[in-house]
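Before we start, here is the structure in question, set down as structure tokens.
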Amino acid sequence: MPELPDLQAFRHNLEKKLLHQQLKTITVKNSKKLAVAEKTLQSALEGQKLKEIQRVGKELHFVFQNGHVLGMHLMLHGKLYFFEHQNKEKYTIAELLFGNGTGLAITDFQGSANIALDPAEKTAPDALSDDFNENYLKTQLSKKKTGIKKFLLDQKQVLGIGNAYADDILWYARISPFSICNKIPAAKVKALLSAIKHILREAEKKILKSNPDIVHGEVRDFMLVHNAKLKESPGGAAIHKDTGGGRKTYYTDEQELFE
DNA sequence: AATACTGTTACGGT
DNA sequence: AACCGTAACAGTAT
């Protein structure tokens with residue numbers, strides 16, 4: 001379910017409960033998407049202390065003392081649950097038990113969420129990293145003739161932006177989602193970059209403020225245009241909906257089209 | 001009861 | 001080769 005701000009909030013709350021704890025056991029319930037044997041995973045991670053949890057794009061990376069990393073991707077519908085004694089969740093992918101008695105289950109009714117041992121390094125920069133800057137964005141956009149929304153969702157270009165936040169980002173930058181990448185003028189590229197950083201950072205703050213202990217679920221009630229209940233943007237313009245690729249795009253006439 | 005739905009990959013076609 | 005659109009995954013949340 002989650003996008004970058006949700007995952008950022010989850011990361012925060014997972015660390016709050018699990019940082020420096022020893023991983024007692026890890027059990028795989030659904031190994032369809034797991035590339036290594038369960039035993040390999042267990043011997044790499046069990047007994048190790050959790051050093052930190054990073055968010056890399058839409059993945060969470062549990063970094064352990066011995067350098068091994070447990071990667072998690074929640075995909076569309078994955079959820080994390082804390083449990084005390086026994087995990088009672090349906091659709092469990094894997095369970096982790098920590099030294100302080102806290103259990104963590106990752107579930108997905110679709111079976112698409114997945115874990116990985118030592119996930120491959122990503123080539124694209126994370127949307128909130130310093131490597132994702134004006135220079136990078138300008139260079140990549142100049143090479144592309146696709147629509148800007150598609151670019152923002154492309155995890156080979158920038159990590160962490162999903163369908164919902166792409167719409168709010170483009171509205172905030174006043175750029176039409178159908179604008180062609182290499183036709184967007186320099187000043188607007190700059191506006192786009194600051195919109196990305198601003199929208200994503202603000203969303204994390206809002207999520208944590210209203211749901212201080214969140215590790216799953218969605219908070220989307222503050223979204224500016226990507227919200228089925230809204231008729232108008234904050235500027236009072238009618239919100240248009242465009243369906244394509246099974247995902248919806250919400251936008252208004254306030255957004256300039258470059259083509 | 002009705003409606004909307006956040007990610008990614010595989011596939012066929014252009 | 002690059003790119004595009006669609007289906008599939010199988011339900012959940014309100």
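A, B, ... follow the sequence lines: proteins, then strands. Residue 1 opens every chain. Atoms considered below: every heavy atom in the structure, side chains included; atoms not considered: hydrogens, waters and symmetry mates. On a predicted model such as this, the values are computed, not experimentally measured, just so you know.
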Is A/K145 touching bases, backbone alone, or none of the nucleic acid, heavy atoms closer than 4.0 Å?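 Nothing, no nucleic acid heavy atom in range.
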
Considering non-hydrogen atoms only, spot the tightest contact between A/A127 and A/I161 and give its length.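 Of all heavy-atom pairs spanning A/A127 and A/I161, the closest is CB-CG1, 4.1 Å.
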
Rounding to an integer number of Å, can you tell me how far A/F151 CZ sits from C/dC3 C1'?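 To the nearest whole Å, that distance equals 15 Å.
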
At under 4.0 Å, does any side-chain N or O of A/K144 touch on OP1 or OP2 of C/dC3?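 Affirmative; the distance criterion is met.
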
What is the separation between atom NZ on A/K32 and atom C1' on B/dT8, rounded to the nearest whole Å?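 One finds 14 Å between C1' of B/dT8 and NZ of A/K32, rounded.
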
Base, sugar-phosphate alone, or nothing: which one does A/Y91 contact when heavy atoms must sit under 4.0 Å apart?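 Sugar-phosphate, backbone atoms only, no base.
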
Proximal nucleotide (of C/dC9, B/dT8, C/dA10) relative to the A/F109 side chain: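 The nucleotide sitting nearest to the side chain is C/dA10.
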
To the nearest angstrom, how far is A/Q140 atom CD from C/dA2 atom P?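 Distance, rounded to whole Å: 14 Å.
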
Could you check whether A/K122 pairs with A/E59 (Lys NZ or Arg NE/NH1/NH2 to Asp/Glu carboxylate O, under 4.0 Å)?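 Looking at A/K122 and A/E59, the cut-off is met.
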
OP1 or OP2 of B/dT8 versus the side-chain N and O atoms of A/K58: is any pair under 4.0 Å?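 So the side-chain polar atoms of A/K58 do come within 4.0 Å of the phosphate oxygens OP1 or OP2 of B/dT8, strictly under.
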
Please answer whether the main-chain N or O of A/R11 pairs with a side-chain N or O of A/N13 as donor and acceptor at a distance below 3.5 Å.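 The answer is no, because no donor-acceptor pair under 3.5 Å joins these two groups.
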
Name the stems that DNA chain B belongs to, where each is three or more consecutive Watson-Crick or G-U pairs with both distances under 3.5 Å?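 When the pairs of DNA chain B are grouped into runs of at least three, the stems are B:2-5 with C:11-14, B:7-14 with C:2-9.
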
With ring pair (Phe, Tyr, Trp, His ring centres under 6.0 Å) as the rule and sequence neighbours excluded, what pairs involving residues 19-72 of chain A come up?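 Every candidate ring pair (Phe, Tyr, Trp, His ring centres under 6.0 Å) pair involving residues 19-72 of chain A fails, so no pair, neighbours aside, qualifies.
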
Let me have the donor-acceptor pairs involving side chains of residues 226-235 of chain A, under 3.5 Å, with sequence neighbours excluded, atom names and distances please.
residue : atom : partner : partner atom : Å
A/H226  : ND1  : A/D167  : OD2          : 2.7
A/N227  : OD1  : A/K229  : N            : 3.0
A/S233  : OG   : A/G235  : N            : 3.1
A/S233  : OG   : A/G236  : N            : 3.4
A/S233  : OG   : A/A237  : N            : 3.3
A/S233  : OG   : A/E254  : OE1          : 2.8
A/S233  : OG   : A/E254  : OE2          : 3.3

In terms of side-chain heavy atoms of A/T146, which of C/dT12, B/dT8, C/dC3 is nearest?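 Of C/dT12, B/dT8, C/dC3, C/dC3 is nearest to the side chain of A/T146.
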
In whole Å, what is the span from the CG atom of A/D6 to the P atom of C/dA13?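 That distance rounds to 15 Å.
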
What is the distance from CZ of A/F178 to C1' of C/dG5, rounded to the nearest Å?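 One finds 14 Å between C1' of C/dG5 and CZ of A/F178, rounded.
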
Measure from NZ on A/K33 to P on C/dC9 and round the result to the nearest Å.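 The distance from NZ of A/K33 to P of C/dC9 comes to 11 Å, rounded to the nearest Å.
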
Once you round it to whole Å, what is the distance between P of B/dT8 and CG of A/N114?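 Atom-to-atom, A/N114 to B/dT8, this comes out as 10 Å.
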
Distance check, P atoms only: B/dA4 and C/dC9, in whole angstrom units.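 About 22 Å, rounded to a whole number of Å.
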
Would you say A/T102 and A/N100 are linked by a side-chain donor-acceptor pair, where the criterion is simply a distance under 3.5 Å?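 There is such a pair between these side chains.
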
Under 4.0 Å between a side-chain nitrogen and a carboxylate oxygen: does that hold for A/K17 and A/D213?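 Looking at A/D213 together with A/K17, the answer is no, because their closest N to O distance does not fall below 4.0 Å.
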
Nearest-angstrom distance from the residue atom CE of A/M75 to P of C/dT12: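 Those two atoms, CE and P, are 18 Å apart.
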
How about NZ on A/K183, more than 12 heavy atoms from neighbouring residues, nucleotides or ligands closer than 6.0 Å, or not?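 It does not: A/K183 NZ has 12 such atoms or fewer within range.
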
Please produce a list of atom pairs where a protein N or O lies less than 3.5 Å from an N or O of nucleotides 3-5 of chain B.
residue : atom : partner : partner atom : Å
B/dC5   : OP1  : A/Y250  : OH           : 2.2
B/dC5   : OP2  : A/K248  : NZ           : 3.0

Rounded to whole angstrom, note down the P distance from B/dA10 over to C/dA10.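 To the nearest whole Å, 16 Å.
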
DNA chain C: A/Q110 or A/G147, which has the more 5' nearest nucleotide?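 This one resolves to A/G147.
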
So which one's nearest nucleotide on DNA chain C is more toward 5', A/K150 or A/K229?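 The answer here is A/K150.
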
Could you tell me which residues satisfy ring-ring contact (aromatic ring centres under 6.0 Å, His included) with A/H216, sequence neighbours excluded, listed by chain and number?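 In terms of ring-ring contact (aromatic ring centres under 6.0 Å, His included), with neighbours along the sequence ignored, A/H216 is linked to A/Y81.
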
I'd like to check the salt bridge (charged side-chain N to carboxylate O under 4.0 Å, His left out) partners of A/K24; sequence neighbours left out, ordered by chain and number.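 If we apply the salt bridge (charged side-chain N to carboxylate O under 4.0 Å, His left out) test to A/K24, skipping adjacent residues, there are no hits.
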
